[in-house]
Amino acid sequence: MKHFLILFLLSIATISQAQLSHYNSDAYWSNFDFQSSQLQPAHSDTCLVFVTNRHVQPDSLRFVDEFVDTCALKYLLLEKQEGKWKVYQGASLEEVMALLPAKKDLVVYAEGMGKIFTSNVERALLMSTQYQVNVIMFDYASINTTYRPSRNFRFARENAALSAAQYFALLKQLQQARQQHAPWLTGNKLSAFFHSMGNIILEQMMLHEPVSELNSFPFIDNVVINAACVPQKHHARWVEQINFANKVYIHYNRKDFQLKGAHFLTMKKQLGEKIRKPRATNAMYVNFHDLVKWKHTYFLNMPDSSFIMPAQVAGYFSSLLKGNDAVLGKPNNSMLSQQSSHNKRL
C-alpha cells in the first residue's frame, strides 16, 4: 500500500504539473485583462467576485502572483465577455458586490492545494454556472509553479493557515452586510464552502481567531466542510464552536485517494477520509463513498474528466449551495448515513 500511494502521488503531481502549464501559459493569461478604469456595472451575466490575498501587479500579464500578502485583502470583480475576462479592482467587498448583475444565493468558496489565480477562476465559474449561484472566491496562493511537489504540499498548508485571519476579516464584512441589510445580500441565502486544504483556513480560524465575535447570530445558512484535508482527531472541538451558521455539513469518503495520500504524508487520519468518535454534535455527516468511489473533487463536473456527478450528488449540492437543507440518496433511493453524532453510533 505504501509503494502504491507513492506512485499515486507521483502521478497526481505529474498531472497537476501539466494542468498548471496550461493555466499558467501566456496564451491562457491573455484571456484576462486587468482594467485600470474605475469599477462600473457589469454588462455580462457571467461575473465572479474574488477576495484575494495575493500580491496584485496591474502592469504584468500575470497580474496576481503566487505568494500571499497577509497585510491586505484585494476585492476583484471579474466579468466575462466574448470569452475574455475583464478584471476590475474595488476598494471594498461592498463596492464589488453591489455591481453584480443578478441577485442570487451566495457561496463563499475556498479551494484546496494546487490552484493559481486562473485555475481558481475556472473552479469558481463552474460552481456559479452549474448551481446558479453568485460566487465569492477566497483566493489564496496554494501552489508555486517553480516548486517541487513536496515543497508545494508544505507551501499550500502554510499559506492556508496564514490566510485564516484574513478569512475571518471577510466573514466580519459579511456579518456586517447581513446586519445592515445590504441590498446585494438581502433576500438571498449565504453559504461557506471549504474544499480539501481550504478547510485548514476554517480550522485555523476557529482555533486562533476571536470567533466569538462571529457567533452573535447565524448570518450564514450552511457551512460545508468538504473532503477536508485537516486532521480528523479532535475536530469536534473546533467544529462545535461554529455558531455563526444555521447548519454545518461534513463530507467524507473513506476511499478518497488524495486524502489517503495526505494521510500518508502527515501520518494523520484526515477529516474528509474517515470519521471517528467523537463527532461534533452540531454537524451533519455525509458519506459519499457509495456514489463517488475514490474521487476527491466530486462536487463539480470538470471539463475533460471522465467523472460525471450522479444525479443524487448534483441535486444534493444544488440544494446545499443555495443555502437549503440537503439530503443525499443512494442509487437505490435509500438514504446514506447522514446524521449528527448524538443519534447514530459509528
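It should be emphasised that the depicted structure is a prediction, and the values quoted were computed from it without experimental measurement.
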With a 4.5 Å limit on heavy-atom distance, are the side chains of Val292 and Phe307 in contact?
yes

**Asked** With a 4.5 Å limit on heavy-atom distance, are the side chains of Met97 and Leu106 in contact?
**Response** yes

Going through the distances and angles, do Leu99 and Tyr88 end up as a side-chain contact (heavy atoms from CB on, under 4.5 Å)? CA-CA 11 Å; Leu99 296 178; Tyr88 298 89; over 6 Å; no

- Indicate yes or no for a side-chain donor-acceptor contact from Glu209 to the backbone of Ala164 under 3.5 Å, with no hydrogens or angles considered. no

Are side-chain heavy atoms of Lys74 and Arg54 found at a separation under 4.5 Å?
-> no

Rounded to the nearest 0.5 Å, the NZ atom of Lys189 sits from the OG atom of Ser319 at a distance of 8.5 Å

Between the CD atom in Glu111 and the CE atom in Met137, the distance rounded to the nearest 0.5 Å is 6.0 Å

Nearest heavy-atom approach of Glu79 to Ser44 is OE2-N, 2.8 Å

Tightest non-hydrogen contact, residues Ile143 and Glu66, listed as O-CB, 3.8 Å

Correct closest heavy-atom pair for Ser216 and Gln175 would be OG-NE2, 3.4 Å

Q | Main-chain N/O of Lys84 paired with Asp33 side-chain donor or acceptor, under 3.5 Å | A | no

Between Phe194 and the options Phe299, Tyr109, Tyr249, Tyr167, the ring pair (Phe, Tyr, Trp, His ring centres under 6.0 Å) test singles out Tyr167

With a 3.5 Å distance limit and no angle check, can you tell me whether Gln166 reaches the backbone of Val51 through a side-chain donor-acceptor pair?
no

Nearest heavy-atom approach of Val286 to Leu328 is CG1-CD2, 3.7 Å

- Message: When you measure from the centre of the six-membered ring of Tyr285, is the NZ or CZ of Arg279 closer than 6.0 Å and no more than 45° off the axis?
- Response: yes

For this session: Give a yes-or-no answer on whether the side chains of Glu122 and Tyr23 include a donor-acceptor pair shorter than 3.5 Å.
Result: yes

Closest non-hydrogen atoms of Asp256 and Gln258, given as atom of the first, atom of the second and distance, are OD1-N, 3.1 Å

- Side chains of Leu202 and Val223: does their closest heavy-atom pair fall under 4.5 Å? yes

**Study point:** Cluster check Ile308, Tyr316: I/L/V/M/F/W/Y, side chain < 4.5 angstrom
**Key:** no

Does Phe193 have its ring centroid less than 6.0 Å away from the ring centroid of Tyr131?
no

Interatomic distance, CG@Asn31 vs NZ@Lys86, rounded to 0.5 Å, equals 14.0 Å

Between the CD1 atom in Ile275 and the NZ atom in Lys269, the distance rounded to the nearest 0.5 Å is 12.0 Å

*Do Phe153 and Met267 belong together in a cluster built from hydrophobic side chains that touch within less than 4.5 Å?*
no

- Message: Quick check against the 3.5 Å criterion: does Lys115 have a side-chain atom that pairs as donor or acceptor with the backbone of Asp139?
- Response: no

Exercise for review: Keeping the roles fixed (side chain from Ser128, backbone from Val135), state whether a donor-acceptor pair exists under 3.5 Å.
Suggested key: no

Given the options Phe67, Phe50, Tyr140, Phe117 meets ring pair (Phe, Tyr, Trp, His ring centres under 6.0 Å) only with Phe50

Please walk me through it: do Leu214 and Lys172 pass side-chain contact (heavy atoms from CB on, under 4.5 Å)?
CA-CA 7 Å; Leu214 299 174; Lys172 290 285 288 183; 3.7 Å; yes

dist Leu162:CG -> Ile201:CD1 (nearest 0.5 Å) comes out at 10.5 Å

(Q) For the backbone of Arg62 and the side chain of Ser60, can you confirm whether one donor and one acceptor N or O come within less than 3.5 Å of each other? (A) yes

Within-4.5 Å side-chain heavy-atom neighbours: Ser36 and Pro58: no

Same cluster or not: are Phe217 and Leu190 linked, directly or through other Ile, Leu, Val, Met, Phe, Trp or Tyr residues, by side-chain heavy atoms under 4.5 angstrom apart? yes

Please confirm whether His22 and Tyr28 have ring centers closer than 6.0 angstrom.
yes

Exercise. With ring centroids as reference points, do Phe317 and Phe288 lie under 6.0 angstrom apart?
Worked result: yes

Which of His263, Lys268, Lys255 passes side chain to side chain donor-acceptor pair (under 3.5 Å) with Glu273? It is His263

>> Is the shortest side-chain heavy-atom distance between Lys293 and Lys295 below 4.5 Å?
In response: no

### Donor-acceptor side-chain pairing of Asn253 and His289 below 3.5 angstrom
no

Exercise. Where the side chain of Asn215 meets the backbone of Phe244, is there a donor-acceptor pair that is under 3.5 Å apart?
Worked result: yes

Do Leu259 and Ile250 sit in one hydrophobic cluster, given that two such residues count as connected whenever their side-chain heavy atoms are within less than 4.5 Å of each other, even indirectly? no

Checklist entry - Does a donor on one side chain sit under 3.5 Å from an acceptor on the other, for Arg151 and Asn144? => result no

Output for pair (Phe219 CZ, Gln179 CD), nearest 0.5 Å, gives 8.5 Å

- Task: Check for a donor-acceptor pair, side chain of Asn159 on one end and backbone N or O of Ala156 on the other, with a separation under 3.5 Å.
- Result: no

Could you go through the side-chain contact (heavy atoms from CB on, under 4.5 Å) check for Leu100 and Lys104 one step at a time?
CA-CA 10 Å; Leu100 285 176; Lys104 300 176 184 177; over 6 Å; no

Is Asn199 reaching over with its side chain to a backbone N or O of Val230, donor-acceptor style, under 3.5 angstrom?
no

For Met127 and Val133 the tightest heavy-atom approach is O-CG2, 3.8 Å

Checklist line | Min side-chain heavy-atom separation Leu320-His251 under 4.5 Å | finding: yes

message: For Tyr75 and Gln173, which I'm curious about, is there any donor-acceptor pair between the side chains at under 3.5 Å?
response: yes

Next on the checklist: Apply side-chain contact (heavy atoms from CB on, under 4.5 Å) to residues Trp184 and Val49 and explain how you reach the verdict.
Outcome noted: CA-CA 13 Å; Trp184 51 269; Val49 168; over 6 Å; no

*Does the side chain of Ile225 come within less than 4.5 Å of Val248's, by heavy atoms?*
yes

Checking Asn282, Asp325, Asn324, Asn222 against Lys247 for side chain to side chain donor-acceptor pair (under 3.5 Å), the one that qualifies is Asp325

Side chain Ser30, main chain Ala27, donor-acceptor under 3.5 Å: yes

